[in-house]
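Below is one structure, written out as C-alpha cells, with a few remarks after it.
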Amino acid sequence: MRKYLSLFKNEWMKLSHRALLVVGILALLAVPPLVAISLRSSVMYTESSGSISQTPDQAALQKLAQSHLDQLAEQQSWYDPAAEDVYTQLEYQTNKLAQEALQNLMNNHLDLAARPYIQDLLDQQARLQAAAALLANSQAQGFTESDQLTLLNEMGGSQAAAEQTLARLGQVLADGRFEAYRDYLLETSDTVVSGADYQTALAEAWAMVPTEDQQAAWLYDSSAYVNLRGLTEQYAAAEVSMARGYDLLNGTEQPLRSQERQTFQDLLLELRYELKNPASSVTALAQAAGNSDNVAKQLSLIILCVGILIAAGSFVSQEMETGSIKSLIISPTRRYKIYLAKLGSLLLIALLLAAFSWLVRLLSLRIVFGSLSGLTQVIGHNGSLHVWNYWQYAALDAVLGYLTLAVIVFFALAISTVTRRTAVAVGLTLGGYFGLMVTESVLANYGWKEAFRFLPLMNLDFSTRLLSSASRLMTLKQFASTPQLNISVGFSALYVLILAGLLLWIGLDSFCRRDI
Amino acid sequence: MSEDVLKLKHITKQFGRRKAVDDLTLSVRAGEIFGFLGPNGAGKTTTIKMVMGFLFEDTGHIEIGGFDLRHQYEKAMAQVGGIVENPEMYGQFSGRQNLEMYARLHGLKDRHRIDEVVRLVGMDKRINEKVKRYSLGMKQRVGLAQALVHRPRLLILDEPTNGLDPDGIHQLRDLLKNLAHKEGVAVMVSSHQLAEMQMMCDRVGIINQGRLLDVRPVGQAAAGEAGGEAGLRLYRIELLPPEAARGQTVPDAQEALAALPEGWRGLVHAVSGQALEAELDPQQLQELLGLLLEAGIPLSQVLHSSRSLEDLYFSVTGGGQSLA
Ligand SMILES: Nc1ncnc2c1ncn2[C@@H]1O[C@H](COP(=O)(O)OP(=O)(O)OP(=O)(O)O)[C@@H](O)[C@H]1O
Ligand SMILES: [Mg+2]
C-alpha cells in the first residue's frame with residue numbers, strides 16, 4: 001500500500017506539472033460564465049428591442065402588423081389575377097385572405113393579438129399555399145406519389161385530413177377571429193395525433209395552466225407561449241397514447257409495453273406539475289439559463305475530454321520517448337503497480353476536473369441569472385413525483401460526464417502503452433472520440449437489431465447516451481431500464497465495464513510483458 | 001572470499017534471430033569493481049538491462065543479493081542502483097525533485113541522505129535547477145546520485161565516464177573504489193575505455209558477440225598474456241583493510257607513504273585509503289615490498305596491472321574485427 005502511495009504521489013506530481021493542465025483549467029473556468037453572459041445578454045437585448053414587453057405596446061404591434069400587411073400587398077401585386085394557372089389563382093386568393101385577416105385583426109383584436117399570433121398567421125398562410133398547390137394542382141406540378149405523401153403527412157396524414165386542414169385554415173384566414181385561430185391551434189399540432197380525444201386532452205392541459213400565466217404567456221413573452229404550447233401538446237399526446245395503447249408521443253406508433261406505460265405515466269406526472277407551475281420554467285430567461293447550461297456543459301465536457309485524452313495518451317509513451325521511464329523501471333516496483341498508479345492518478349485528476357467544472361457551471365449560472373429555481377428538475381418515477389434542485393441534477397450529470405472521461409482514460413492510456421508513440425496515441429484516441437460521436441448519431445436511426453452489428457463502435461460516449469434519460473432518473477435500477485439508442489442502459493453499462501476491463505488488460509499486458 | 005551479490009546463470013537473450021547475449025554466466029562479488037569490457041554491440045547494455053528489469057531474459061537465472069529477480073522482483077531490485085546508457089530523468093523537475101521521487105519509491109524518507117549524495121557527486125550548487133537545463137556530465141552526476149541514494153549493494157554503471165570531464169572521471173574512480181573497497185558494494189562498470197578500466201577495476205570480463213570470453217583479475221589479466229616481458233609495469237599494492245585487522249589499528253596509505261625513504265615518494269602514490277600504486281620493474285618491486293614490511297605495514301595483496309589489458313582485449317576479441 002505504501003508503495004502504491006509513493007508511486008501515486010510521483011505520478012500525480014508529473015500530471016500536475018503539465019502546462020496543458022493549466023490551459024485546460026483556465027478554459028473550464030472561462031467557458032461557463034462566457035456562455036451564460038452571452039445568452040443572458042441576448043435575452044436582455046430582445047427585451048429592450050421590444051419583442052418581450054411587460055405591457056402590450058399598441059403602437060409597436062400596429063407598426064408590425066402594418067409592415068406585414070405591406071409585404072403581403074407587395075406580393076399580391078406580383079400575381080396576375082387573370083392567369084389561368086390554378087396554383088397562382090390559389091396563391092392569389094390566400095394572400096388576399098391573409099391580408100383581410102390581418103386588417104381585421106388590426107381593427108378589432110390588437111389588444112389580444114400578440115406577436116405570436118401574427119407570426120403564426122403568416123406561417124399558416126404559407127402552409128395553406130403549399131396544401132392548396134398540392135390539392136388543386138398536384139399532377140400539373142409534377143409531384144410524384146411519394147412527394148404527395150410527404151406533403152399529405154405534413155398536412156395531417158391523409159387526403160381527407162389535408163382537405164380538412166385546408167378548409168379550416170381558409171376559415172381562420174377568412175374571419176380572422178382570435179378564437180378561431182386558437183381553436184385551430186388546439187386542433188393542429190406538430191404531432192400526427194388528431195381526433196376528439198386528443199382535442200379534449202389538449203383542452204384539459206390548457207385548463208391546468210393558471211389563467212394569469214396563460215395570459216402572460218400569450219401576451220408578453222412569445223417564447224413562453226411557444227414553450228407552453230409544447231407542453232400542452234406533449235401532455236395531450238402522452239394522454240392519448242396511454243388511452244389508445246400506442247406510442248403517439250415519439251411518433252413510433254408501436255404498442256406500449258408495460259414498462260413504457262410506466263414511463264408515460266411518470267411523464268404525465270411531470271407535465272402536470274409543469275403545466276400548473278409554468279411561471280418560472282417557460283419564460284425566456286429560464287430557457288436562456290437552461291440553454292446556457294447545456295452549452296456550457298457540452299463545451300466543458302469536450303475540453304475535459306480532449307485534455308484528459310492528451311494527458312492519458314502521452315502518459316506512458318512520453319516517458320518511453322524521453323527515456324524517463326528508466327528511473328521508474330530501475331525502482332523496486334513491479335510494473336503493474338506503475339501502470340495502476342498512472343491509471344489511478346489520471347482517474348483522480350479527471351474526477352477533480354469534472355467536479356471543478358460542475359462547480360464553475362453552477363456558480364456562473366447563479367451569478368449571471370440570479371436564481372436557479374427556473375431550472376428545477378421535475379422527475380416522475382414509479383408513480384411519484386420528485387422535484388430536484390438544479391445543483392443535484394447537475395451533479396448527477398457531472399458524474400455521468402466523468403464516466404466518459406474514465407473510458408477515455410482507459411482507452412488512451414492503453415494505446416499510449418501499446419504504441420509507445422504520443423502522436424499515434426493522441427491521434428488515434430482523438431479520432432476515435434470524435435468519430436464515435438458521429439457514428440453514434442448516425443446509428444441512432446437504426447433499429448436495435450441492426451444497431452447490434454455496430455456494437456464495437458458504440459456505447460463509448462457514455463454520458464451523452466445516458467444524459468438524455470437522466471431527467472427521468474431516480475435510481476440506477478430504473479435508469480438501467482430506460483432504453484437508449486435502442487439498447488438498454490444496463491446493457492451499455494455492462495458493455496462499458498467489460499470494455500474498460502479489456503482495455504486495462506491490454507494496457508497492463510503490454511506494459512508488463514514487453515521489453516523496454 | 002566475499003559473497004556474490006550478482007549472479008547470472010546461463011543467460012540468453014535473442015532479438016529476432018540475433019543472439020545479443022549467449023549463455024552468459026558471471027558473478028560480481030561484494031567489495032569488488034567488476035569491469036565489463038567489449039566492443040560496440042557486444043551485449044553489455046543488453047546484459048545490464050536484463051539485470052535492471054528492462055528486458056526479459058529468454059533463458060537463465062538472475063540473482064541479486066540472494067533474491068531471484070523474477071520471483072522476488074521487488075526485493076531483488078531494492079538492492080540495485082545504476083545508470084543504463086544515458087541517465088534520463090524528468091526534465092521538467094529539478095535534480096533534487098528527481099532524486100526525491102526516486103527515493104520515495106525506495107521508501108526512503110531521509111532528506112539528509114539526498115544532500116549527502118548530492119555533495120558526493122559535486123552537484124550541490126545546481127541541484128535545484130531543472131534537469132532539462134543540465135549538461136550531459138551534470139546529468140551523469142545526478143544519475144550517479146540517484147543510483148546511490150538508497151545505498152544499494154549492487155551498483156551497475158553503463159559507460160559512466162561518458163560525458164564526464166577529467167576531474168569528474170577522477171572523482172568517479174575514487175568514489176567507486178571507495179564504495180567497493182570501503183563499503184563493500186559490488187560495482188559493475190561497462191566501458192570501452194581500457195586505460196580507465198585498468199585503473200579502476202579489480203576484475204574484468206570481456207564479452208564479444210554475446211559470449212563472455214574471459215574473466216580475470218586485472219593484475220593477472222596482464223600476467224596471463226604478457227608475463228615475462230621485461231620493463232616497467234603498474235603494480236597495485238593493497239594494505240590490510242581495517243575490517244580484517246581484528247580491532248587493531250592499521251596504517252593507511254598515507255602513513256605507509258610517510259614510512260618510505262625520501263627517494264621513493266615520487267615513484268609511489270596512494271590511490272585510495274588502503275592502496276598504493278607504482279610503476280616499477282620487478283627488481284624495484286622486491287625492494288619496495290621489503291621496505292614496507294620492514295616498516296611493519298601489513299599487506300593484503302599485490303596486483304600486477306600492466307598496460308597490456310589492451311593486448312588482452314584485442315587478442316580475446318580478435319581485435320579490429322568488424323561488428324557482429
Ligand atoms: N531492442 C533491440 N532490438 C533488437 N536488437 C537489439 C536491441 N537492443 C540491442 N540489440 C542488439 O543486441 C546487440 C547487443 O547490443 P548492446 O546494446 O547490448 O551492445 P553494447 O555492448 O552495449 O554496445 P555499445 O558498446 O555500443 O553500447 C547488438 O547487436 C544490438 O544491435
Ligand atoms: Mg551499450
Side-chain angles (χ1 to χ4, degrees), chain A residues 1-24 310-311 314-342 344-345 349 417 420 422 508-516, chain B residues 13-15 20 46 48-58 64-65 67 69-70 72-94 97-109 130-132 139 142-143 146-147 149-150 152 156 158:
Chain A
M1 206 57 228
R2 250 188 53 204
K3 174 63 66 60
Y4 275 117
L5 252 151
S6 307
L7 273 169
F8 189 80
K9 226 165 159 182
N10 285 354
E11 298 306 323
W12 185 256
M13 239 173 105
K14 291 175 206 167
L15 267 182
S16 54
H17 261 72
R18 299 238 171 165
L20 193 76
L21 188 78
V22 180
V23 177
I310 292 174
S314 61
F315 211 27
V316 170
S317 49
Q318 204 177 44
E319 295 225 23
M320 298 273 189
E321 282 162 345
T322 62
S324 58
I325 190 84
K326 284 180 186 175
S327 54
L328 271 175
I329 295 295
I330 296 176
S331 73
T333 318
R334 284 207 173 267
R335 288 198 197 172
Y336 74 88
K337 291 184 185 169
I338 299 175
Y339 191 84
L340 290 182
K342 283 189 178 293
S345 57
I349 208 158
T417 308
R420 297 184 176 180
T422 303
L508 266 177
D509 186 71
S510 170
F511 191 73
C512 297
R513 293 166 59 140
R514 277 165 67 191
D515 288 340
I516 288 172
Chain B
K13 177 73 190 178
Q14 211 159 333
F15 292 115
T46 305
I48 288 174
K49 276 188 168 178
M50 281 187 281
V51 175
M52 307 269 255
F54 289 81
L55 302 176
F56 295 91
E57 65 277 8
D58 296 334
I64 301 170
F67 298 107
L69 186 64
R70 290 298 151 219
Q72 293 159 295
Y73 184 80
E74 295 192 352
K75 282 184 179 151
M77 287 301 288
Q79 323 274 330
V80 190
I83 306 176
V84 178
E85 292 183 317
N86 296 319
E88 246 102 28
M89 274 163 283
Y90 297 99
Q92 71 268 39
F93 296 121
S94 71
Q97 281 173 311
N98 268 286
L99 289 177
E100 282 169 355
M101 283 166 74
Y102 182 75
R104 191 176 292 140
L105 296 183
H106 277 282
L108 207 78
K109 294 232 173 69
K130 286 193 173 169
V131 166
K132 64 181 168 202
K139 281 188 206 154
V142 179
Q146 176 175 302
V149 70
H150 56 293
I156 300 185
D158 194 7

(request) Quick one: closest heavy-atom pair of A:P332 and B:A78, and the distance? (result) CB-N, 3.6 Å

(message) Around atom NZ of B:K75, are there more than 12 heavy atoms from other residues, nucleotides or ligands closer than 6.0 Å?
(response) no

(message) Which atoms of A:T322 are under 4.5 Å from chain B, going by heavy atoms: the side chain, the backbone, both sets, or neither?
(response) backbone

(request) List the steps, then state whether side-chain contact (heavy atoms from CB on, under 4.5 Å) holds for A:I330 with B:Y102. (result) CA-CA 9 Å; A:I330 296 176; B:Y102 182 75; 3.5 Å; yes

(request) Say whether, by atom type as modelled, one donor and one acceptor occur between the side chain of A:D515 and the main chain of B:F56 under 3.5 angstrom. (result) yes

(request) Please report the shortest heavy-atom distance between B:R104 and A:N10, naming the atom on each side. (result) NH1-OD1, 2.6 Å

(message) Given heavy-atom pairs under 4.5 angstrom as the criterion, report whether the side chain, backbone, both or neither of B:K49 touches chain A.
(response) side chain

(request) Answer yes or no: is there a donor N or O on one side and an acceptor on the other, between the side chain of A:R335 and the main chain of B:G53, under 3.5 Å? (result) yes

(request) Measure B:K13 against the heavy atoms of chain A and call it side chain, backbone, both or neither at under 4.5 Å. (result) side chain

Identify each donor-acceptor pair in which a side-chain atom of residues 80-90 of chain B lies under 3.5 Å from a protein atom, sequence neighbours left out, and give them as a table.
unit_1 : atom_1 : unit_2 : atom_2 : d
B:E88  : OE1    : A:K326 : NZ     : 3.0
B:Y90  : OH     : A:K14  : NZ     : 2.8
B:Y90  : OH     : A:E319 : OE1    : 2.6
B:Y90  : OH     : A:E319 : OE2    : 3.2

(message) What's the separation between atom CD1 in A:I516 and atom CE in B:M52, rounded to the nearest 0.5 Å?
(response) 13.0 Å

(request) With rounding to the nearest 0.5 Å, note down the distance linking NZ in A:K9 to CG in B:L105. (result) 11.0 Å

(message) Measuring only between side-chain heavy atoms, which start at C-beta, is B:Q146 closer than 4.5 Å to A:S327?
(response) yes

(message) If we ignore hydrogens and angles and just use 3.5 Å, is the side chain of B:Q92 paired with the main-chain N or O of A:R18 as donor and acceptor?
(response) no

(message) What I'd like to find out is whether the side chain of B:E74 reaches to under 4.5 Å of the side chain of A:K337, using heavy atoms alone.
(response) yes

(message) List the residues meeting salt bridge (Lys or Arg N to Asp or Glu O under 4.0 Å) with A:R2, not counting sequence neighbours, and say none if there are none.
(response) none

